[in-house]
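Position 1 is the first residue of the sequence, and the numbers go up from there. We count ligands from 1, going down the list as the structure has it; atoms in each ligand are counted the same way. A quick note: this is a predicted structure, and the numbers were derived from the prediction, not measured.
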Amino acid sequence: MPRARILISACLIGEPVRYDGRARTLAQSIIAEWQAAGRLVPICPELVAGLGVPRPAAEISNHQTGSDVLAGAARVVTEGGIDVTELYMVGAAAAVAAARAGGCGFALLADGSPSCGSSFIYDGSFGRHRHLGIGVTTALLRANGIRVFADSDVDALAAAVK
Ligand code: SF4
């Protein structure tokens, strides 16, 4: 039986695609093992949506979440006040398409991001205030039945995909 494949935030495997032009590489050896076995499907939703690197930081406004964005009840806005909601929706849809094409039932995403956050995001004040919530890509992946794990939960993911 084929081993489960995992959609992964590209920044977690060393790709310098974050808004600040950096990566957020995970050090656990299991990540390299999955990668060598062809089990990882990397994507940066913001990059595939056409947002450049570097790009302005963005947050989901007014303490809301990616689920609110999908429902049309919240917006994703840059610190300069530019509404980038539609691009974040495009990125989320691309992630779902990549998961389907790659046969991924699981995803490992970088927490805190307005796209990839899965346990916390920032509250829209640009004051580095965290709150419980998920990003737009995580919300759409979960709505499509994909189990999303935060980068702090690699061990839990490893147990789930055995
Ligand atoms: Fe990483 Fe996701 Fe941000 Fe892209 S959108 S840099 S994959 S956290």
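- The pair Arg130-Asp123 fails the salt-bridge criterion, with no side-chain N (NZ, NE, NH1 or NH2) lying under 4.0 Å from an Asp/Glu carboxylate O.
- Arg22 does not count as a contact of ligand 1, since none of its heavy atoms falls under 4.0 Å from the ligand.
- Judged by the 6.0 Å and 45° rule, Arg5 forms no cation-pi pair with Phe106.
- A donor-acceptor contact under 3.5 angstrom links the side chains of Asn144 and Arg100, judged on distance only.
- At a heavy-atom distance under 4.0 Å, no atom of Glu15 approaches ligand 1.
- Using a cut-off of 2.8 Å, one finds that Cys116 contributes an N/O/S atom close to atom 2 (Fe) of ligand 1.
- In this structure, atom 1 (Fe) of ligand 1 lies nearest to the protein heavy atom Cys11 SG, 2.4 Å.
- Thr65 and Ile121 get closest at one heavy-atom pair: CA-CD1, 3.9 Å.
- For ligand 1, the atoms closer than 4.0 angstrom to any heavy atom of Ala10 are 7 (S).
- Cluster annotation: Met89 is connected to Leu51 through the hydrophobic network of ILVMFWY side chains, with a link wherever side-chain heavy atoms come within less than 4.5 Å.
- Scanning all heavy atoms of the two residues, the minimum distance from Phe126 to Thr78 falls at CZ-C, 3.5 Å.
- Neither the backbone nor the side chain of Leu12 has any atom closer than 4.0 Å to an atom of ligand 1 (non-hydrogen atoms only).
- Heavy-atom minimum distance, Glu15 versus Pro42: OE2-CB, 4.2 Å.
- Ligand-side atoms of ligand 1 in range of Val17: 6 (S), range being under 4.0 angstrom from any heavy atom.
- Below 4.0 Å from some heavy atom of Ser113 lie the following atoms of ligand 1, by number and element: 3 (Fe), 8 (S).
- Of the candidates Asp153, Ile13, Leu40, Leu26, Leu108 forms a side-chain contact (heavy atoms from CB on, under 4.5 Å) with just one, namely Leu26.
- Ligand 1 places these atoms under 4.0 Å from at least one heavy atom of Ile43: 7 (S).
- The shortest contact between atom 4 (Fe) of ligand 1 and any protein heavy atom is with Cys44 SG, 2.4 Å.
- Atoms of ligand 1 found under 4.0 Å from any heavy atom of Ala110 (numbered from 1 in listed order, with element): 8 (S).
- Close contacts of ligand 1 with Arg18, meaning ligand atoms under 4.0 Å from a residue heavy atom, involve 6 (S).
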